[in-house]
Amino acid sequence: MALAYAPSLETTPVHIAPRYDHYIGGRWAPSSGGETFTTIDPASEAELAQVAVGTPEDVDRAVAAAREAYERIWKPMRPADRAKYVYRIARAITERSRELAVLESKDGGKPIKESRDFDVVQAAANFFYYAGWADKLRYAVAGSPDPAPLGVVGSIVPWNFPLLMAAWKIAPAIACGNTVVLKPAETTPLTALLLARICEEAELPPGVVNIVTGDGATGAALVAHAGVDKIAFTGSTEVGKVIGRTLAGSRKRLTLELGGKAANIVFADAPLDQAIEGVVNGIYFNQGHVCCAGSRLLVQESVHDEVVAKLKARIETLRVGDPLDKNTDIGAINSAAQHAKIAELVASGVAEGAVLHQQSCALPERGFFFRASFFTGVSQSHRIAREEIFGPVLSVMTFRTADEAIEKANNTPYGLSAGVWTDKGAKSMYVAQRLQAGVVWCSTFNQFDPSSPFGGYRESGFGREGGLAGLRSYLSV
Amino acid sequence: MPLLSASRTVDAVMLESRAAGFAKRSIKNEAKLAAIDLAIRCIDLTTLEGRDSPGRVRSLCAKAAYPAPGAPQVAAVCVYPSLVAVAKDALRGTAVLVASVATAFPSGLSSLDVRLRDTEAALSAGADEIDMVIDRGAFLAGDEARVFAEIAAVKSLCGPIHLKAILETGELGSYDATRRASDLALEAGADVIKTSTGKIGTSATLATALVMAEAIRDFAQRTGERRGLKVAGGVRNTKAAIAYLVLLDETLGDPWLAPGLFRIGASALLDDLLLQREKLATGRYGSLDYIARD
């Protein structure tokens, strides 16, 4: 008999208002233009709420509120008192973790298993970690006994880890004494707005954290605003380049965390079943909407067939469907536009001659879903080997020697992450030292900790988030 | 021993992460009821104590055959060789099998001659299945040929009778060793590989069972033969039992979700399964006072 997995839905109730305003200077304010946009549940395509469109005036008011809070309250405050607020936010995230997880899965499509066990947990951990630094900043940067905050930080975050990316931006910024204007992604504004509510309930002084919702135009207004001292952006390389050009010649500081096309390198001597787990986690975690996804599998030629057979069997066990079902492994693609982009790149892979393998499961009738997929017979020149797909699609290529693997892995404009799978420690180190990537995972993948810095080489961006290195981006030393 | 190629190595981090994932599957309602009944059908209801007596064994057999109204029978009872005859007699006319530990259980540290005679005694008393222990001392000393030869010798004595080889993974020290011992036992002819004796602190874990299931899967892919898995010790409640069923489902597939290829060696587990079964039927948690204990 087959073991049936009946649907097991997460039932924690979450309140979604019909309409959301900006959070500026501790008050909820509608768009100055009165306009709203719709945010939907990508698993059902149903409308969740109307959200305020951020106009340049809204951005201006938010920056002014942040400036006032910075000068009058936050910068002069005793660091130990600032820490108390940051700790309070961390605790509130933990207390409301299930509510945040459900909202994240509804608005963004990611499986509840991940929002519950990864996103929300990591978001709280980031606030706890940086809260601890608030009154110890004199030890944060060697040779700089009295580092100062920068002022007003404009943060723009993507839709793949909406709450977590907001936490990555806000926690270090405010712990260092800066104030923040954050613009969440257009398709996933709701958890950032709940975080604003949490800040309000934590009695964070008005203006320390401001949320202005909107699309790319709102983000552009924030980037261009003269009152902003630093821009922290996570998103596409394309937009990152535009921001870089906009800020050139200005006094504003900038950190960018952009795209990736990471290589996961599997040697013949690797523990293959465990390597497969890392490969699966590397590309199918969060539907592949991960900037550090291991989207290129470089496998040693002698075990190519074995690895492909194992991978084929393994993806059959992945369950695609309702993000709120606790048994779902792959949820909904974040938006129709992203779904179309993935489909277009997959079609290009087929057209260029690679062989497509997909799991055989049925997909829900409504919503944006995509089967776990991988290509064999991929060569370095194929678009699917070069462009970031940002979906559950893996490109499998082969190599013969360690040096060839290193060369192929580095042959990309990106450099955010990489994985190495071998049973030999020395080989692992040899390869890791030569990979041009901000993080290299050996015999594991997608491991995160607030104390560990994260960031890219080349077109994957610059600056680091997390850990001590993450503090530097928010301090004048 | 025929030249046995090197075994695949195992990495603890991703192995344990995968294993933890099985326990996260949420099996509810009708699916849970079906899983509970399957788990009951896969139980080797076990008593292996120095104080086991004919009366105790007869009582256990009665429960094995009729656990509770409407509940399925367990797969087998598992006893010491000297009590096989009592169990056979008590289970006459039922479909419940009698398994016997043998080969100087639990340490296995007797001469091969004594271990084979122990097995013979269990077989001649009518045992339907033999649970042997491998010589962990020999394995850890690197004498794989001896381990292999002993399993092969016991299997040849058993003939068509099912042989379960207990690896006692808690004594092997690493997942690599568990994988190696699994490969040796399967190659030597064991019909089932079994995690533990239940006599030491570390018994079955999901990660250990996953290593063994992967060995069974690879063996089946190489030879076309399906061999079984038995987890023993430490599986005390329904949630734990269901996690193992999920492990089998996602690692080996449908054919292994049956008592012919999967067993859980347990004693207290059955009570919890019956309690949960009752809860699903009535919507209320009953009291253990209403579950017959043996």
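Source: prediction; values computed, not measured. Residue numbering restarts at 1 for every chain, and letters A, B, ... go by the order of the sequence lines.
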Report yes or no: do A:Thr12 and A:Glu10 form a side-chain donor-acceptor pair below 3.5 Å? yes
Part of A:Asp423 lying under 4.5 Å from any heavy atom of chain B: side chain
Side chain from CB out, backbone as N, CA, C, O: work out which of these in B:Val13 comes under 4.5 Å of a heavy atom of chain A, or both, or neither. side chain
Identify which of A:Gly278, A:Ala270, A:Pro7 forms the greatest number of heavy-atom pairs closer than 4.5 Å to chain B. A:Ala270
Verify the ring-centre separation between A:Phe285 and A:Phe118: is it less than 6.0 angstrom? yes
Please flag which part of A:Ala309 lies under 4.5 Å from any non-hydrogen atom of chain B: side chain, backbone, both or neither. neither
Determine yes or no for a side-chain-to-main-chain donor-acceptor pair under 3.5 angstrom, with A:Gln300 supplying the side chain and A:Arg400 the backbone. yes
Does the side chain of A:Ser105 come under 3.5 Å of the side chain of A:Ser115 through a donor N or O and an acceptor N or O? yes
Taking all non-hydrogen atoms of both residues, which atom of A:Ala409 and which atom of A:Arg296 are closest, and how far apart? O-NH2, 2.7 Å
Identify which part of B:Arg8 has an atom lying under 4.5 Å from any heavy atom of chain A, answering side chain, backbone, both or neither. side chain
Can you find a side-chain donor-acceptor pair between A:Trp421 and A:Asn264 that sits under 3.5 Å? yes
Enclosure of A:Lys312 NZ (heavy-atom neighbours >12, cutoff 6.0 Å): no
Is B:Ser26 reaching over with its side chain to a backbone N or O of A:Asn327, donor-acceptor style, under 3.5 angstrom? no
Please evaluate residues B:Arg41 and B:Asp37 with respect to the criterion salt bridge (charged side-chain N to carboxylate O under 4.0 Å, His left out), reporting the C-alpha separation (whole Å), side-chain torsions for both, the decisive distance (0.1 Å), and the verdict. CA-CA 6 Å; B:Arg41 290 198 295 121; B:Asp37 281 1; over 6 Å; no
Knowing that exactly one of A:Asn446, A:Asn281, A:Val420 qualifies, which makes a side-chain contact (heavy atoms from CB on, under 4.5 Å) with A:Trp441? A:Asn446
Residues of residues 165-173 of chain B contacting chain A, heavy-atom criterion under 4.5 Å, by residue number: none
What part of A:Glu306 gets within 4.5 angstrom of chain B, counting heavy atoms only: side chain, backbone, both, or neither? side chain
Test salt bridge (charged side-chain N to carboxylate O under 4.0 Å, His left out) applied to B:Asp44 and B:Lys164, step by step: CA-CA 12 Å; B:Asp44 279 1; B:Lys164 303 173 208 154; 2.7 Å; yes
Between A:Tyr430 and A:Arg434, is there a cation-pi geometry (under 6.0 Å to ring centre, at most 45° from the normal)? yes
Pairs of heavy atoms under 4.5 Å with chain A: top-ranked of B:Glu250, B:Glu30, B:Lys32: B:Glu250
For chain A, which residues of residues 213-243 of chain B have heavy atoms nearer than 4.5 angstrom: B:Glu214, B:Arg217, B:Asp218
Do A:Asp325 and A:Tyr5 have side-chain atoms, one donor and one acceptor, less than 3.5 Å apart? no
Comparing A:Asp273, A:Leu272, A:Thr444, A:Asp269 against chain B, the one with the most heavy-atom pairs below 4.5 Å turns out to be A:Asp273
Give the member of B:Val246, B:Leu248, B:Thr251 that has the highest number of heavy-atom pairs under 4.5 Å with chain A. B:Val246
Side chain / backbone / both / neither for A:Asp117 at chain B, heavy atoms under 4.5 Å: side chain
Stepwise ring-ring contact (aromatic ring centres under 6.0 Å, His included) test for A:Phe267 and A:Phe399: CA-CA 9 Å; A:Phe267 284 95; A:Phe399 68 89; 5.1 Å; yes
